[in-house]
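Everything numeric in this text was worked out from a predicted model, so none of it was measured.
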Amino acid sequence: MPELPEVETYARQLAVLKGRTFLGAQVDWARSVPTGAEALGPRIAGQTILAVQRRGKYIVFQLSDDWLLVHLKMTGELQVQPAREPVDIHHRVVFDLDGGEQLRFHDPRKFGRVYLVADPAEVTGPLGPEPLEELFTPEVLQVRLHGRRGRLKSLLLDQTFVAGLGNIYADEALHRARLHPLRAADTLTADEQARLYQAIRDVLAQGVANRGTNLDWAYTQGTNQDALRVFHRHGQPCPTCGTPVERILVGQRGTHFCPQCQPPPPRGGAG
DNA sequence: AGCGTCACCCGGACGC
DNA sequence: TGCGTCCGGGTGACGC
């Protein structure tokens, strides 16, 4: 599932499209384009790509007039292919580019979304801070944790809390910070808050450096899978202490942790 | 407002 | 082999 490091990798690779101009677009699955499937082609035609960036888990194309934002959700991919190459049944949106190529949004599970808007804040407005930027400091995290009584794991997945973490990097960050996923967020000591801050930064920076986590079924680049300590490793020994990694459900999400390194909160969830 | 749950989807894994 | 069923994942809608 593309999270911040995977989306960052896509954005860097797609930067080669800078300067290219869209000629139009065809939409196979209308719900992929909440801003209007019929309007997409005519509106994007003639617009040149000025920059390719990332915000949270969105890939952000700055165009000459509008902004094109793509969320890959679980299984989405963006591909640049020659127009003569046949599309397959899972290509939901196909953009025509100058030069005989197409930008293709491949999404078997139809979860992903494509937005064409005048102001990117229409889409990214609710997102929390960028965890790898300088503006995200330990003090910012501390303030945002204040008064939050929910479980740490759920909070890390909340994109309005901090943008970019998904199931992989949330579990990895909590393990690195030695914090149990069920801890109530507002019960962290100052030292625990500092550990969580550093862990979030470290796992994401490492993921970016490794060009993402290859999970075969969701994303097939990168080497960060070799660096994972707990994610999808239930039953295997914790790399720190050797205790078997456990898997529980937190808010319907598979959650992996070491019961030794990440001691459970007292009864009732408070910590 | 914050928090938890459900719906959206379908490929793949599993059971029969 | 083929069919039916379940699961998972990020997010937005919804209810409390």
What class does the angle between the rings of A:Phe22 and A:Phe61 fall in, given that below 30° is parallel, 30 to 60° is tilted and above 60° is perpendicular?
perpendicular

State whether A:His232 places a side-chain N or O below 4.0 Å from either non-bridging phosphate oxygen (OP1 or OP2) of C:dG9.
yes

What are the atom names and distances for every N/O pair under 3.5 Å that joins the protein to nucleotides 11-15 of chain C?
residue: C:dT11; atom: OP1; partner: A:His71; partner atom: NE2; Å: 2.7
residue: C:dT11; atom: OP2; partner: A:Lys57; partner atom: NZ; Å: 3.0
residue: C:dT11; atom: OP2; partner: A:Gln159; partner atom: NE2; Å: 3.2
residue: C:dT11; atom: O4; partner: A:Arg253; partner atom: NH2; Å: 2.9

A:Glu172 side chain reached by A:Val230 side chain, heavy atoms, under 4.5 Å
yes

Please check: side-chain N/O of A:Arg92 versus main-chain N/O of A:Pro108, any donor-acceptor pairing under 3.5 Å?
yes

Looking at A:Arg31, is its backbone amide N or carbonyl O close enough to the side chain of A:Arg113 to form a donor-acceptor pair, meaning the two atoms are under 3.5 Å apart?
yes

What does the list of N/O pairs under 3.5 Å between the protein and nucleotides 5-7 of chain C look like, with a distance for each?
none

Quick one: which of A:Ile200, A:Asn224, A:Leu156 gives a side-chain contact (heavy atoms from CB on, under 4.5 Å) with A:Tyr169?
A:Asn224

Return the angle between end axes of the helix from B:dG2-C:dC16 to B:dC16-C:dG2, with five pairs used per end and rounding to 10°.
40°

Whichever of A:Arg148 and A:Pro108 has the more 5' nearest nucleotide on DNA chain B, that residue is A:Arg148

Could you check how far NZ of A:Lys110 sits from C1' of C:dG9, rounded to whole Å?
17 Å

Closest to the A:Gln252 side chain, choosing from B:dG4, B:dT5, B:dC9
B:dT5

